[in-house]
Amino acid sequence: MEKKHIFIQTFGCQMNVHDSEKIMTLMERSGYESCDDMRKADLIIINTCSIREKAAQKVYSQLGRLKELKREKPGLILGVGGCLAQQWGSKFIERIPFLDLVFGTHNIHMLPELVTRIEKTKAPVVQIEFQESVKSLNIPALSSNGKISAYITIMQGCNNFCSYCVVPYLRGREESRSFREIADEVKSLAHRGVKEITLLGQNVNSYGASNSNGHDFADLLREIDKIGGIERIRFTTSHPKDLSDKLIHCFSETDKLCEHIHLPVQAGSNRILKMMNRCYTIKDYLEKVDKLRAVCPEISITSDIIVGFPGETDRDFQATIDMMKKIRFDGIFSFNYSEREGTDAAKLGDTVSIFVKRERLRLVQSLQEEHTIEKHRAHVGNIVEILVEGMSKNSREDMTGRTRTNKIVNFRGNHELIGKAVHVKITDAYLHSLRGELTEEEVTKC
Ligand code: SAM
Ligand code: SF4
């Protein structure tokens, strides 16, 4: 029998990228084969994000483009999953009548059954009910085969209810995966040649809090540190309020944990942080940064910043700038505040004009560029360890990899190096990457 083809397009964060890998694994098991050309596909899944209005708009534009393809190929099954699907449910089909399937963030494991139902009945299906225990947490993504790096979901959902954020409403309450299952999946990935794993969750450092399985996130890191074959451990994302001293000490006490933390601060004004329901002050945040740097002086710290939260004054915004100058992040993701229906912040109105938001975002981004390039330049002359990921996008003669501090380094090399940890002397620094040359010399910085 001829194989059917599936094409998945992913919008949004690493969690969504990994959910798409799980979807692919499930559908491959039920006879589908992945394809890179959506025109050849029998099943197209759009894995959506609705964290900001811009992300949602991109999904609608893409679905608009698919209308023509659906007309040419009426047998094509077109499905949407992820946060936007969870948010809209059956209204999605009212808005986009040529959709066949809408499935929510807790329903990934049901996908093969839902697709079979559509194949048989030719009728659209909407499945967005939350489950008490999220079964997709435990689906291993077999498509990691042959990869150097892999994601592992360790928890799902969020209990924090930051006032601007839709995640708790669309991904449900926090649920941690069992300690044993995670360790077993890491072992199985190591067995398949994976060298670097990234532990994923909306707030990984509250791992274990909701199911009290007796182990916290620091325990999990220490357990994974012992697994042979894995060379690097990363995690994302951490909430500053849950960053414990025990976890901070893992940066000096575990060998494989990489010297990088993504620690979203969101704003520099205590007044705004309170309205955001972030549960820390800037003083608390600075103390955590100091502790991290004391325990691990080479750690790279990245963050998320929102500008234009309702009621943000020039003075509040200046506090964000002052905080950035004090901390000097290695990198940030920065966003204009985007009002999300149903959140507490939406009740405050979207009071900062788009012109003011744009100007504040420009100032934040240009200041960060100064800091990033300054940090990158400080690496010139250092010898660093790179885990080689593949060929560089810009030149067929160059290979690319990352330092333990998560900086991209390009260097002259060949394919045989893929998957290996090599030493590279940094020769040049740019805004988005570093350049270096292979060396036999000992590492001087991570
Ligand atoms: N759970 C993570 C955390 O708390 O750091 C990340 C959540 S979210 C996927 C990633 C980032 O999107 C947040 O850190 C925040 O900066 C941004 N974000 C979330 N909601 C937003 C909104 N309504 N407007 C603008 N940015 C938003
Ligand atoms: Fe959203 Fe806050 Fe939860 Fe992060 S911690 S997912 S920003 S509610």
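In listed order, ligands and their atoms are each counted from 1. Numbers for residues simply follow the sequence, beginning at 1.
The side-chain heavy atoms of Arg278 and Tyr285, taken from C-beta on, include no pair separated by under 4.5 Å. Inter-residue side-chain proximity for Val194 and Ile148 is flagged as unmet; no heavy-atom pair is nearer than 4.5 Å.
Put simply, no part of Val167 is less than 4.0 Å from ligand 1, judged by heavy atoms. Residue contacts with ligand 1 do not include Thr343, since none of its heavy atoms lies under 4.0 Å from the ligand.
With Asp316 as reference, Arg271 is the one residue of Arg360, Lys274, Arg271 to meet the salt bridge (Lys or Arg N to Asp or Glu O under 4.0 Å) rule. Of the candidates Glu132, Gln156, Gln86, Gln156 is the only one forming a side chain to side chain donor-acceptor pair (under 3.5 Å) with His106.
The distance from the CG atom of Leu101 to the CD1 atom of Ile77 is 8.0 Å, given to the nearest 0.5 Å.
Less than 4.0 angstrom separates some heavy atom of Arg278 from each of these atoms of ligand 1: 4 (O). Atoms of ligand 1 found under 4.0 Å from any heavy atom of Gln202, numbered from 1 in the order shown, are 1 (N), 2 (C), 6 (C), 7 (C). Taking every non-hydrogen atom of Thr237 and a distance limit under 4.0 Å, the qualifying atoms of ligand 1 come out as 2 (C), 3 (C), 5 (O).
Remark: Arg52 qualifies as a cation-pi partner of Phe335 under the 6.0 Å distance and 45° angle criteria applied to the six-membered ring.
For the residue pair Gln365 / Ser334, a side-chain donor-acceptor distance below 3.5 Å is found, with atom types taken as modelled. Using modelled atom types, one finds no donor on one side chain facing an acceptor on the other under 3.5 Å when comparing Asp314 with Gln318. In this structure, a donor-acceptor pair under 3.5 Å is absent between the side chains of Ser300 and Thr405. Side-chain contact, Gln131 with Glu129: no donor N or O sits under 3.5 Å from an acceptor N or O. Using modelled atom types and a 3.5 Å distance limit, the side chains of Glu385 and Thr403 yield no donor-acceptor pair.
Closest to atom 18 (N) of ligand 1, if we only count protein heavy atoms, is Arg52 NH1, 3.5 Å. At the top of the distance list for atom 5 (O) of ligand 1, counting protein heavy atoms only, stands Pro264 CG, 2.8 Å. At the top of the distance list for atom 9 (C) of ligand 1, counting protein heavy atoms only, stands Ile51 CD1, 3.6 Å. Of all protein heavy atoms, the one lying nearest to atom 10 (C) of ligand 1 is Asp304 OD2, 3.7 Å. The closest protein non-hydrogen atom to atom 7 (S) of ligand 2 is Tyr164 OH, 3.4 Å. Here the protein heavy atom with the shortest distance to atom 21 (C) of ligand 1 is Tyr164 CD1, 3.7 Å. Scanning the protein for heavy atoms near atom 25 (C) of ligand 1, the closest one is Asn336 O, 3.4 Å.
Distances from atom 2 (Fe) of ligand 2 under 2.8 Å pick out these protein N/O/S atoms: Cys162 SG.
For atom 23 (N) of ligand 1, the candidate residues are Ala345, Cys13, Pro240, Ser338; the nearest heavy-atom contact is made by Ser338. Remark: among candidates Arg171, Gln266, Arg340, the nearest residue to atom 15 (C) of ligand 1 is Gln266, based on non-hydrogen atoms.
Using bins of under 30°, 30° to 60° and over 60° for the plane-to-plane angle, the ring pair Tyr60/Trp88 lands in the perpendicular bin. Using a 30° and 60° split on the angle between ring planes, His260 and His262 fall in the tilted class, from 30° to 60°.
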